[in-house]
Amino acid sequence: MADNQPFKTRITELLGIQHPILGGAMMHLSKAPLVAGISAGGGVGILASANFPDMGELAEQLQEIRRRTDNPFMVNLNFFPMLAPVPPEKVLETCLDHGVRLFESSGHSAPSSIMERIHEADAVIEDKCAGVKYARKAQTLDVDAITVVGWENG
């Protein structure tokens, strides 16, 4: 395969990316520069929304990513109660208001509370699960994709 030739998979087609690479939403690291760099390189960068307890700051990050790349990027919606200073529903609405249509969910609960809104917005959601049990639950919610990772993504 030539260096710039797209690597077609179901995930590249679903997300509109060139390479099947998802840059994980890492707390304290996954901010605009890293997210935009991954996306500009043909993968999909994932903004860790839990880094931004203020929706104005989140909006600034979304705008910064857009200034750095036209390529798709995701926003992680955090369902960890201790790391969610803002309810994921509010984060989702802020992101939708700024044109984001690719999301990842992760945490201690399934993204049940946002699925109707995700579908209404014609958005895509990938649920990051720490085991098969959680992936099976996500499957019942009609998420678009599931990633299964080790505990703490190790």
Side-chain angles (χ1 to χ4, degrees), residues 1-80 83-107 110-111 114-115 117-130 134-135 138 141-154:
M1 170 172 14
D3 287 338
N4 293 328
Q5 184 176 353
F7 184 161
K8 296 264 186 216
T9 68
R10 282 198 240 161
I11 202 75
T12 61
E13 291 176 0
L14 176 68
L15 303 178
I17 58 178
Q18 188 176 5
H19 308 291
I21 298 171
L22 283 72
M26 299 172 283
M27 194 65 179
H28 309 297
L29 296 175
S30 294
K31 297 179 180 177
L34 178 61
V35 172
I38 294 167
S39 289
V44 65
I46 304 174
L47 185 71
S49 68
N51 285 322
F52 312 103
D54 175 90
M55 293 299 93
E57 191 178 357
L58 175 63
E60 289 172 12
Q61 289 285 305
L62 298 173
Q63 293 165 359
E64 179 65 21
I65 294 167
R66 294 252 190 252
R67 278 192 291 276
R68 291 173 179 249
T69 184
D70 293 328
N71 290 352
F73 66 93
M74 281 184 162
V75 174
N76 175 274
L77 302 171
N78 185 322
F79 286 84
F80 287 100
L83 292 176
V86 178
E89 297 81 8
K90 186 171 182 177
V91 174
L92 174 63
E93 287 306 320
T94 298
C95 292
L96 290 173
D97 289 347
H98 286 83
V100 177
R101 290 298 180 269
L102 299 179
F103 296 93
E104 173 184 77
S105 60
S106 62
I114 62 166
M115 290 307 297
R117 185 67 181 110
I118 289 283
H119 289 140
E120 285 172 0
D122 199 27
V124 171
I125 187 164
E126 168 260 323
D127 189 38
K128 180 168 54 176
C129 303
Y134 306 105
L141 298 175
D142 198 26
V143 298
D144 298 291
I146 296 170
T147 54
V148 179
V149 296
W151 189 253
E152 287 298 319
N153 297 315

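Between Ile146 and Cys129 the shortest heavy-atom distance is CG2-SG, 3.9 Å. Summarising the geometry of Met74 relative to Phe103, their closest heavy-atom pair is CE-O, 3.7 Å, with the distance given to 0.1 Å. Between Pro88 and Asn78, the closest heavy-atom pair is CG-O, 3.7 Å. Across all their heavy atoms, Thr69 and Ser39 have their closest contact at CG2-CB, 4.1 Å. The minimum heavy-atom distance between Ala138 and Asp127, with the atom names listed, is CB-OD2, 3.1 Å. Across all their heavy atoms, Ala110 and Leu141 have their closest contact at CB-CD1, 3.5 Å.
Taking the side chain as every heavy atom from C-beta outward, Ile38 and Val44 never approach each other to under 4.5 Å. Between Val86 and Phe52, the closest side-chain pair of non-hydrogen atoms is not below 4.5 Å. Taking the side chain as every heavy atom from C-beta outward, Asp142 and His119 approach each other to under 4.5 Å. The closest side-chain heavy-atom distance from Phe79 to Ser106 is not below 4.5 Å. Residues Pro111 and Leu77 fail the side-chain proximity criterion, which asks for heavy atoms closer than 4.5 Å. Side-chain contact between Val91 and Leu58 is present, with heavy atoms from C-beta onward closer than 4.5 Å.
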query = When you look at Val100 and Leu92, which way does the side chain to side chain contact (heavy atoms under 4.5 Å, CB included) test go after all the steps?
reply = CA-CA 9 Å; Val100 177; Leu92 174 63; over 6 Å; no

message = Before you tell me yes or no, could you show the steps for Ile17 and Asn71 under side chain to side chain contact (heavy atoms under 4.5 Å, CB included), namely the whole-Å CA-CA distance, both residues' side-chain angles and the distance that decides it to 0.1 Å?
response = CA-CA 8 Å; Ile17 58 178; Asn71 290 352; over 6 Å; no

task = Start with the C-alpha gap between Gln18 and Thr12, add the side-chain angles, then the distance that decides, and say whether side chain to side chain contact (heavy atoms under 4.5 Å, CB included) holds.
result = CA-CA 6 Å; Gln18 188 176 5; Thr12 61; over 6 Å; no

task = Given side-chain hydrogen bond (donor to acceptor under 3.5 Å, both in side chains), test Ser49 with Asn76 step by step and report yes or no.
result = CA-CA 6 Å; Ser49 68; Asn76 175 274; 4.8 Å; no

query = Where do Ile46 and Val75 land on the side chain to side chain contact (heavy atoms under 4.5 Å, CB included) test, with the steps shown first?
reply = CA-CA 5 Å; Ile46 304 174; Val75 174; over 6 Å; no

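Rounding to the nearest 0.5 Å gives a distance of 10.0 Å between CZ of Phe73 and CD of Gln61. The distance from the CG atom of Leu47 to the CD1 atom of Ile65 is 4.5 Å, given to the nearest 0.5 Å. Taking CZ of Arg67 as the reference point, atom CD of Gln63 lies at 6.0 Å (rounded to 0.5 Å). Note that CZ of Arg101 and SG of Cys95 are 10.0 Å apart. Values are rounded to the nearest 0.5 Å. The distance from the CD atom of Glu126 to the CG atom of Leu102 is 10.0 Å, given to the nearest 0.5 Å. To the nearest 0.5 Å, the span separating CG on Leu96 from CZ on Arg117 amounts to 5.0 Å.
One finds no salt bridge joining Arg10 and Glu13 here, because no Lys/Arg side-chain nitrogen approaches an Asp/Glu carboxylate oxygen to under 4.0 Å.
Shown here are the side chain to side chain contact (heavy atoms under 4.5 Å, CB included) partners of Glu60, two or more places apart in sequence or in another chain: there are none.
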Tell me which donor-acceptor pairs under 3.5 Å the side chains of residues 20-34 have, and how far apart each pair is, sequence neighbours excluded?
from: Ser30; atom 1: OG; to: Gly24; atom 2: O; distance (Å): 2.9
from: Ser30; atom 1: OG; to: Met26; atom 2: N; distance (Å): 2.7
from: Ser30; atom 1: OG; to: Met26; atom 2: O; distance (Å): 3.4

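Around atom CG of Asp122, no more than 12 heavy atoms belonging to other residues, nucleotides or ligands sit under 6.0 Å away.
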